[in-house]
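Below is one structure, written out as structure tokens; comments come after it.
Lettering follows sequence order; numbering is per chain, from 1. Just so you know, these numbers use all the heavy atoms, side chains as well, and skip hydrogens, waters and symmetry mates.
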Amino acid sequence: MFDIKWIRDNVNLFDEAMKRRGIEPQSDKLLALDDERKATILALNEAQKKRNTLSKQIGIAKANGDDRKAQNLMLKVAELKKEVQRGEEKEREQTKALRDALAVLPNILAKDVPDGEDETDNVEIDNFGERVEFPFRAKQHFELGEALGLMDFEVAAKIAGSRFVVLKGALARLERALGQFMLDVQINENGRTEVNPPLLLHEKAMFGTGQLPKFKEDSFVTTDGRWLLPTSEVPLTNMVRENILSINDLPMRLTGLTPNFRSEAGSSGKDTRGMIRQHQFYKVEMVTIATAQMAEREHEIMLKSAQNILKKLNIPFRTMLLCSGDTGDSMQKTYDLEAWLPGQNTYREISSVSIAGDWQARRMNARYRDENGKVHFVHTLNGSGVAVGRALIAVMENYQQEDGSILIPQALQPYMGGLEIIRAQ
RNA sequence: GGAGAGGUGGCCGAGUGGUCGAAGGCGCACGCCUGGAAAGCGUGUAGGCGAGCAGUCGUCUCGAGGGUUCGAAUCCCUUCCUCUCCGCCA
């Protein structure tokens with residue numbers, strides 16, 4: 001969300017930034033709303049001031065026992081009262097109108113974000129690992145999993161519907177191992193604080209990070225109006241909502257392992273086979289709360305942390321800088337890590353590392369006090385470190401053998417009780 | 001689910017209709033004092049919005065929203081949250 005005062009001072013910059021997002025110039029409309037609002041406030045303050053002055057005089061008159069004077073003053077104030085009430089109502093409406101208009105606008109893209117339409121215009125900035133050349137046809141993860149008898153989509157459909165999976169035995173454990181491994185790296189090597197948040201969230205929290213109001217069809221709601229977290233970015237970031245933090249608390253580096261729930265409303269027909277796109281999946285998340293000065297460095301640190309996970313698992317991946325058309329509304333700049341999937345013979349997103357600037361902080365009213373006691377909005381960042389479900393896919397496809405067994409990456413073996421290979425029973 | 005208690009500034013805590021954005025204490029900052037420190041003394045110590053180049057001024061905010069009143073932290077209604085006891089339950 002934007003500061004209307006900033007828009008007023010940066011009309012061209014703002015309209016240009018919206019244009020990059022494919023949005024018509026907004027500043028005229030917004031400034032007009034703000035002008036009306038200001039005029040209302042000015043008149044309202046004037047009326048309130050008069051009312052307060054007279055009311056105090058009534059108090060004094062009564063204290064002095066001058067009832068007639070008090071009576072006179074009361075009549076005067078009665079009129080002002082109506083004026084104040086009208087003004088308050090108008091101000092409330094106008095403020096809400098302005099806020100609603102601002103709430104749906106996307107973040108400003110960073111200067112170094114390349115222009116582009118969609119994911120085909122993203123720019124590769126880094127590449128890690130050798131793609132394995134199999135002397136046989138590489139299978140997709142679901143072929144492997146089903147053949148092992150450890151991955152069952154039919155049972156999942158029976159109990160929950162499509163886009164769910166049931167993992168069993170060593171595969172279930174492998175998924176758990178991946179989550180624990182990643183979390184441990186985040187805590188021990190990347191110095192993040194583990195957080196285990198609620199999975200059901202207030203609407204306010206969903207608004208704070210930008211999932212609401214625009215993208216409500218992407219998430220699930222409960223019967224009592226709570227939202228199932230689509231990513232733990234939401235609870236972790238909203239931990240600082242409506243706070244004024246001390247500068248000493250920053251940067252605040254958090255991590256957590258949670259399930260994520262997504263309706264995938266707009267994705268019917270996409271990735272229908274396998275575990276790529278599910279309604280429910282585990283993900284290790286990184287969230288950093290920082291100052292404006294710290295933020296860019298924290299973004300690079302976070303990117304390295306995510307890359308580090310895949311390197312430890314020895315999964316080939318490339319790092320993409322998302323183009324303007326593919327960068328999420330809440331974000332100024334996003335890197336995606338795409339893991340190589342031999343079975344699909346393609347790269348697929350496995351992590352997304354983004355910087356939001358103060359866009360989320362304004363929505364959350366999350367601030368900090370600097371060395372001089374001045375209050376500023378924090379800057380927020382988040383990234384996956386990494387998606388567990390997709391990491392499972394990447395491990396299976398990259399570590400598969402001709403007979404359909406799967407080697408377990410060395411880094412995971414301690415989490416698998418020393419198991420080195422998963423074979424059909 | 002039933003019965004009760006409560007939500008006030010960074011924290012504790014007073015305030016039950018009148019100049020209260022709010023006593024007092026703690027904490028913190030600065031100054032004095034000291035060789036240095038502690039103690040002591042003094043001063044300061046919310047955020048939003050609006051006006052102004054600025055000093056500053058006005059206004060709003062005592063969980064949230066609404067109402068009563070000339071005037072609300074104080075009265076009424078609604079709602080959220082916390083705590084205690086009982087019941088139920090993982």
Whole-angstrom distance between B:A51 and B:U43, as gauged at atom C1':
30 Å

Side chain to side chain, A:Phe377 and A:Arg367, heavy atoms closer than 4.5 Å:
yes

Residue of the set A:Glu298, A:Lys304, A:His299 for which side-chain contact (heavy atoms from CB on, under 4.5 Å) holds with A:Ile301:
A:Glu298

Test: A:Arg8 and A:Asp35 ion pair at under 4.0 Å:
yes

From NE2 of A:His376 across to C1' of B:G47 the rounded distance in Å is 14 Å

Pairwise C1' distance for B:G7 and B:G65, with rounding to whole Å:
16 Å

Closest of B:G50, B:G48, B:C70 to the A:Val77 side chain is B:C70

B:C49 C1' sits how many Å from A:Lys90 NZ, rounded?
17 Å

Across all chains, not counting sequence neighbours, the ring-ring contact (aromatic ring centres under 6.0 Å, His included) partners of A:Phe164 are A:His279

Name the nucleic acid region contacted by A:Lys5, choosing base, sugar-phosphate or nothing; use a 4.0 angstrom heavy-atom cut-off, strictly under.
sugar-phosphate

Interatomic distance at C1', B:G67 relative to B:C86, whole Å:
35 Å

Is A:Arg226 near enough to B:C80 that one of its side-chain N or O atoms lies under 4.0 angstrom from OP1 or OP2?
no

Base, sugar-phosphate or nothing for A:Ile58? Non-hydrogen atoms, less than 4.0 Å.
base

Hey, where does RNA chain B pair up into stems, meaning at least three consecutive Watson-Crick or G-U pairs with distances under 3.5 Å?
B:1-7 with B:80-86, B:10-12 with B:24-26, B:27-32 with B:40-45, B:46-51 with B:56-61, B:63-67 with B:75-79

Say you pick atom P in B:G18 and the same atom in B:G25; how far apart are they, in whole Å?
24 Å

Between B:C62 and B:U56, how far apart are the C1' atoms? Round to whole Å, please.
26 Å

Please give, in whole Å, the distance from B:G48 C1' to A:Gln48 CD?
14 Å

Taken to the nearest whole Å, CG/A:Leu44 to C1'/B:U61 is 14 Å

Taking the same atom, C1', in B:U69 and in B:G17, what whole-Å distance lies between them?
9 Å

Interatomic distance, A:Arg51 CZ vs B:C60 P [rounded to whole Å]
6 Å

How would you label the contact of A:Asn52 with the nucleic acid (heavy atoms, under 4.0 Å): base, sugar-phosphate, or nothing?
sugar-phosphate

Quick test of your reading of the model: are A:Asp358 and A:Arg362 salt-bridged, counting only N-O distances below 4.0 Å?
yes

Side chain to side chain donor-acceptor pair (under 3.5 Å) with A:Thr40: of A:Gln94, A:Glu89, A:Arg86, A:Arg92, only one passes, and it is A:Gln94

Just the rounded figure in Å: distance from P of B:A46 to NZ of A:Lys374.
16 Å

P atom, B:C20 versus B:C60: distance in rounded Å?
15 Å

Face-on cation placement of A:Arg363 at A:Phe207 ring, 6.0 Å and 45° thresholds:
yes

Gap in Å between the two P atoms, one belonging to B:U8 and one to B:G13, rounded
9 Å

